[in-house]
Amino acid sequence: MRLCETALAEAEVEYHDKKDKAIFVSFDAEQEWKEAAGHKVSVIIWTTTPWTIPANRAVALNPEIVYAVAAVGGDKVFVVAAELLDSLMTRFGISDYKILSELKGRELEGRSLIHPLNGRISPIVLADYVTTDSGTGAVHTAPGHGADDYQTGLKYGLETFSPIDDHGKFTKEIPEYEGKTTWDANDFVMADLEKAGGLIDVEKITHSYPHCWRCKSPIIFRATAQWFISMDKGSLRKDALREINNVRWIPQWGKNRIMSMIENRPDWCISRQRAWGVPIALFKCSKCGKYQTSKELIGRVADMMEEGGADIWFEMDNKKLLPEGYKCDCGSEEFEKENDILDVWFDSGSSHAAVLEDSHWKLSSPADLYLEGSDQHRGWFHSSLLESVGTRGHAPYRAVLTHGFVTDMNGKKMSKSLGNVISPKKIINQYGADILRLWVASSDYQYDIHLSDLILKRLVETYRKLRNGVRFLLGNLADSFDNIDKLLEFDRLILARWEIKKRDILDDMAEYQFHTAIKNITNFCNNDLSSYYFDIIKDRLYCDSKESISYKSAQVVLNILYDEIVHILSPVLCFTAEEAWQNRNKSSVFDGGLPALHNSRIEQPLIERYEKLDGYRSAVRKAIEPLKADKTVSNSLELVIYAEGNDAEIEFLRQFKNSADLFMVSEFRIGRAADPIASCSIDGINITIEKSDSEKCERCWRYLPSVKLSDDGLCSRCQEVVDG
């Protein structure tokens, strides 16, 4: 089994199911108990780590739990939690048993038990963490191999005995298991317990067990000398919790998650036992064992490392690292280097100082945003907060954004072994970097993000629509044009709609809701521009005179839309935006920033009028669609529409001077069609549709009465433009 062979911080521990053998072991009473006179009393413990039995120094009971002293045959008496007695007797195959007495745990404190393997005394101690959720209600206690056990050991003055070396193997302190790993020793311990008569039962279990989050190996608990930063002695916990409230957490649940982690975390273990890393640059006096912690000495070593790198600690002789003639308070001049390195989370947690406070980068501190995956609440976000609060008194970030992880279409984590990984390089080579960026921006990062070839193909279609929209804008801005102050009503309308949508998009970006921003701008480009504004103004752009107000008005608006849409797309489609911008400009699109807001563009009455008109347009489109489907007409320009009915509504429709353009037909008339081929009704207005009997203009393709008056087959408008 692969081992990391180093200490782990609480944040580096994760839990996975593990199959183990759990054992029930008897610890016999040293002396006869009055509650079971004439019987041999044994307290039964249960453990999932048989290898820790040799390090046992006590048996813990809960002071408030009631324990049964039960005769189980012959002269044997077992002591277990009373509420577990029946189920345990069934497990042990004991049907004839009798409770002799019941005692609370506190009444048994201090009684002596005999270790089943080595005969040493293991006293009964009390601990609130002992429960009846599993086991027997009696907990085998090895202060050298568990945090709770260690604290209990301190309380009762128990030896912190840990006969395990840095490689996870037994030392010569337990000669019968020397050289064996803890996992290998399990079977030997169980065999010896059975031989000694202390093994009551063995069961196979699957339980949640702590693992190293990096190598995924199960970990062992072992008491060793480590370096810690206290969470409470210097108010680090209190100050960190205060700063969490001053940070913006995106999504909001991130705040509660890191808050609970800081509230419940133990002291921070910052030392590691690895052959590489940033050293804990401390000297220990060889004579008295005192660590040299003066600020001047540490500063000297830090300056030398800044110049020569961290490896000088391992490469340079002590005499060169220490000031000449340096002595310990005890007078000794002999020192030993600390061999432990700093926890890598301490390294990453201090990155804010290296990056934000370096004048070369000219960045501000604290950072505007920290961005990482959801696992970093216990990692980088966590260590950065503690390190900065401890040294600067404030959080290193103003906002923290947490995102999910990339999965395949079925929600499975991407893994090389599963063969479901889609390489970013492959996406870039096949579709271009902007498609990869569009996928990221279009995804709701608050959850795990799906990626597949099908998703990418859909995004390619979205990208194509956005790109084609920008191409249309560029294509109609190729020639020079004059800005005009007074825009046509329909052009002002699209600017008003864009201004409202733009505010939503910019708000989304400010809130880091990029997927909503992309959705909004895509919908605007598809629905408001390509399928609406562009369709309606094409006739003006292609057929009106370039000197006409109608042409210039449209171009002014197209130029505004080009400028602002390209800049809004630039953070996501950066290559496309730069290409589009430099098509008409020598500068970079990234010199301009996001577009400004213009309150004056929002004409609410105008928006409401056209919303009402769009109701009519929708009804007419539905009536025309069957005519196209059955080939009655091939183009809506072959049609004339008539409206009659409610006077107020008729007057409303009369307001639109370019009604034929808006309905995308050749003519709009008040009245009723003589030979209707389709009809519809809305708001008290009857609309009838007939096929035009006029001739088709060869230039604008409209069917208009004025065409037959032209020798060139043109309508009056086109004839005027051509003649001009």
Side-chain angles (χ1 to χ4, degrees), residues 434 438 462-509 517-542 544 546 548-574 576-585 587-603 606-607 610-611 614 658 661-662:
D434 275 358
L438 183 60
T462 298
Y463 170 79
R464 186 175 290 114
K465 289 177 180 178
L466 291 170
R467 184 180 179 91
N468 286 343
V470 174
R471 285 182 63 189
F472 182 89
L473 294 169
L474 281 170
N476 288 282
L477 293 171
D479 55 337
S480 60
F481 64 94
D482 300 322
N483 272 309
I484 57 174
D485 296 329
K486 190 170 179 60
L487 300 176
L488 296 187
E489 181 179 86
F490 187 61
D491 298 322
R492 299 202 319 271
L493 168 73
I494 206 64
L495 275 187
R497 287 186 176 181
W498 166 240
E499 189 65 28
I500 292 172
K501 187 65 72 175
K502 181 177 69 177
R503 288 165 185 264
D504 291 339
I505 294 167
L506 294 177
D507 286 345
D508 290 336
M509 287 183 168
I518 292 297
K519 181 179 179 181
N520 276 328
I521 193 167
T522 300
N523 286 343
F524 181 82
C525 288
N526 288 343
N527 303 330
D528 293 79
L529 292 186
S530 296
S531 301
Y532 184 68
Y533 184 64
F534 290 169
D535 265 358
I536 291 172
I537 67 168
K538 279 178 184 176
D539 181 74
R540 271 200 268 159
L541 292 171
Y542 300 163
D544 283 5
K546 290 186 177 182
S548 67
I549 295 297
S550 59
Y551 182 84
K552 291 182 177 180
S553 177
Q555 273 205 317
V556 168
V557 171
L558 292 177
N559 186 59
I560 292 171
L561 292 171
Y562 158 76
D563 185 315
E564 298 189 357
I565 288 175
V566 169
H567 277 94
I568 271 188
L569 288 174
S570 64
V572 177
L573 305 181
C574 53
T576 301
E578 184 75 341
E579 178 188 359
W581 186 252
Q582 292 194 357
N583 188 275
R584 300 188 67 231
N585 303 273
S587 61
S588 170
V589 69
F590 301 104
D591 293 334
L594 294 173
L597 299 176
H598 302 276
N599 294 329
S600 59
R601 290 181 186 170
I602 302 177
E603 301 180 56
L606 182 64
I607 293 172
Y610 273 87
E611 283 178 350
D614 286 342
N658 59 334
D661 293 343
L662 297 172

- Task: Could you walk me through whether Trp581 and Ser587 pass the side-chain hydrogen bond (donor to acceptor under 3.5 Å, both in side chains) test, one step at a time?
- Result: CA-CA 8 Å; Trp581 186 252; Ser587 61; 3.3 Å; yes
- Query: Can you check whether Ile537 reaches Val557 side chain to side chain, under 4.5 Å on heavy atoms?
  - Reply: no
- Message: Are the side chains of Ser550 and Leu488 in contact, using a 4.5 Å heavy-atom criterion?
- Response: yes
- Quick one: closest heavy-atom pair of His598 and Arg503, and the distance? C-NH2, 3.9 Å
- With distance as the sole test, does Ser530 use its side chain to make a donor-acceptor pair with the main-chain N or O of Cys525 at under 3.5 Å? yes
- Task: Kindly compute the distance separating NZ (Lys486) from CD1 (Ile549), expressed to the nearest 0.5 Å.
- Result: 10.0 Å
- Is Phe590 close to Glu578 at the side-chain level, that is, under 4.5 Å between some pair of heavy atoms? yes
- Is Asn559 reaching over with its side chain to a backbone N or O of Gln555, donor-acceptor style, under 3.5 angstrom? no
- Query: For Leu569, which of Thr576, Val589, Val470 qualifies under side chain to side chain contact (heavy atoms under 4.5 Å, CB included)?
  - Reply: Val470
- Could you give me the CA-CA distance, side-chain angles and deciding distance for Glu579 and Arg467, then say whether salt bridge (charged side-chain N to carboxylate O under 4.0 Å, His left out) is met? CA-CA 11 Å; Glu579 178 188 359; Arg467 184 180 179 91; 3.3 Å; yes
- Do you know which two heavy atoms are closest between Cys574 and Asp434, and how far apart they sit? N-OD1, 3.4 Å
- Note on the structure: Heavy-atom closest pair (His567 atom, Leu594 atom, distance to 0.1 Å) is O-CD2, 3.7 Å
- With the threshold set at 4.0 Å, does a side-chain nitrogen-carboxylate oxygen contact exist between Arg601 and Glu564? yes
- Validation row: Tyr463, Thr522 side chains within 4.5 angstrom (heavy atoms): no
- Message: Quick check for you: to the nearest 0.5 Å, what is the distance between Ile602 atom CD1 and Ile500 atom CD1?
- Response: 5.0 Å
- Message: Name the residue from Asp491, Leu477, Leu474, Ile494 that meets the side chain to side chain contact (heavy atoms under 4.5 Å, CB included) definition with Leu558.
- Response: Leu477
- Query: Has Arg471 got more than 12 heavy atoms of other residues, nucleotides or ligands less than 6.0 Å from its CZ?
  - Reply: no
- Message: Taking side-chain hydrogen bond (donor to acceptor under 3.5 Å, both in side chains) as the definition, give me every residue that meets it alongside Asp508, ordered by chain and number, with sequence neighbours left out.
- Response: Asn520
- Item | Residues in ring pair (Phe, Tyr, Trp, His ring centres under 6.0 Å) contact with Phe472, at least two apart in sequence or another chain | Phe534
- Is the distance between the ring centroids of Tyr532 and Phe524 under 6.0 Å? no
- Where do Tyr610 and Leu662 land on the side chain to side chain contact (heavy atoms under 4.5 Å, CB included) test, with the steps shown first? CA-CA 10 Å; Tyr610 273 87; Leu662 297 172; 4.0 Å; yes
- Note on the structure: Note: Ser570 and Ala577 closest approach over all heavy atoms is CA-CB, 3.5 Å
- Query: Which pair of non-hydrogen atoms, one from Leu493 and one from Leu606, has the smallest distance, and what is that distance?
  - Reply: N-CD2, 3.6 Å
- Task: Before giving the answer on side-chain hydrogen bond (donor to acceptor under 3.5 Å, both in side chains), spell out for Gln582 and Ser588 the whole-Å C-alpha distance, their side-chain angles and the decisive distance to 0.1 Å.
- Result: CA-CA 7 Å; Gln582 292 194 357; Ser588 170; 5.0 Å; no
- Message: With rounding to the nearest 0.5 angstrom, report the CG to CG distance, Leu561 to Asp528.
- Response: 10.0 Å
- Distance from Lys501 atom NZ to Leu506 atom CG, nearest 0.5 Å? 12.5 Å
- Note on the structure: When rounded to the nearest 0.5 Å, the distance separating CD1 of Ile565 from CD1 of Ile560 is 11.0 Å
- Does NZ or CZ of Arg584 lie under 6.0 Å from the centre of the six-membered ring of Tyr562, at an angle within 45° of the ring axis? yes
- To the nearest 0.5 Å, how far apart are CZ in Arg497 and CD in Glu603? 12.5 Å
- Of all heavy-atom pairs between Lys502 and Pro595, which one has the smallest distance, and what is that distance? CD-CG, 3.9 Å
- Query: Do other residues, nucleotides or ligands put more than 12 heavy atoms under 6.0 Å from Lys538 NZ?
  - Reply: yes
